[in-house]
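Just so you know, ligand 1 is whichever comes first in the structure, and atom 1 is the first atom listed for that ligand. Nothing here was measured: the structure is a model prediction, and the numbers come from that model.
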Amino acid sequence: MSICPKCQHELFIYEYEGIELLKCADCNGFWFREGKFREVKHFGFEGLAKTPPPEKHTKTLTESSSGSQDMSCPDCTALLVSFTYAYSSDILLYRCPECRGIWADYADLLRIENLLVGYKESLDEAKAKALPLMLKVKKQIQQEERTKEEEQKQRKKGIFNRLFGEKGTKNRKIQNIFENNDDIQKDPDSIDDSE
Ligand SMILES: [Zn+2]
Ligand SMILES: [Zn+2]
């Protein structure tokens, strides 16, 4: 039996999107075993609220010493260490230094969800703003590529004319091959024009 590190009530197995978690029936906090936090993040934390805890509110708590109490890992009883989510937020989570599980209060999960949604929205906003600029850049690049292509074509034409002169331009087939084949063109000096 696993015990809630926060309020010492029993944790029960809670399945979310096929991911097995442990949930406290009393304080609604969640225990994520190693790697599970990231998996749930993929689906969003908000969905965790949808299934209520079982009807089993037996407050046998020896009046909670909320706040700075030591919290023990539900799996291996090591002392949990608090850390700030995403470094800059003021959301505190707790990690087991031994088995790498993570404890999160339910309210904090919702705050993380809001943070993620807000982040996504601001990202979308930034993307929307950047789009016209990106299109402009793309257009410019295409334009430059077209110019480059045109220049190369002209260059090929000049070389061809220099090599074969009037005789060559009469033979459209050879000219086409020459102008459209990069291998022939790579090093014009290597082409023997002595004849
Ligand atoms: Zn609890
Ligand atoms: Zn542990």
- Metal-centred angle, the Zn ion (ligand 2) as apex - SG of Cys99, SG of Cys73, 10° resolution: 100°
- Query: Lys36 versus Leu21: any side-chain heavy-atom pair under 4.5 Å?
  - Reply: yes
- Which heavy atom in Cys27 sits nearest to a heavy atom in Tyr106, and how many Å separate them? O-CB, 4.5 Å
- Query: Which of parallel (below 30°), tilted (30 to 60°) and perpendicular (above 60°) describes Tyr14 and Phe12?
  - Reply: perpendicular
- the Zn ion (ligand 1) to Cys7: any N/O/S contact under 2.8 Å? yes
- Note on the structure: One should read off an interatomic distance between Tyr85 OH and Phe37 CZ, to the nearest 0.5 angstrom, of 5.5 Å
- Angle at the Zn ion (ligand 2) (to 10°), with one arm to SG of Cys76 and the other to SG of Cys96: 100°
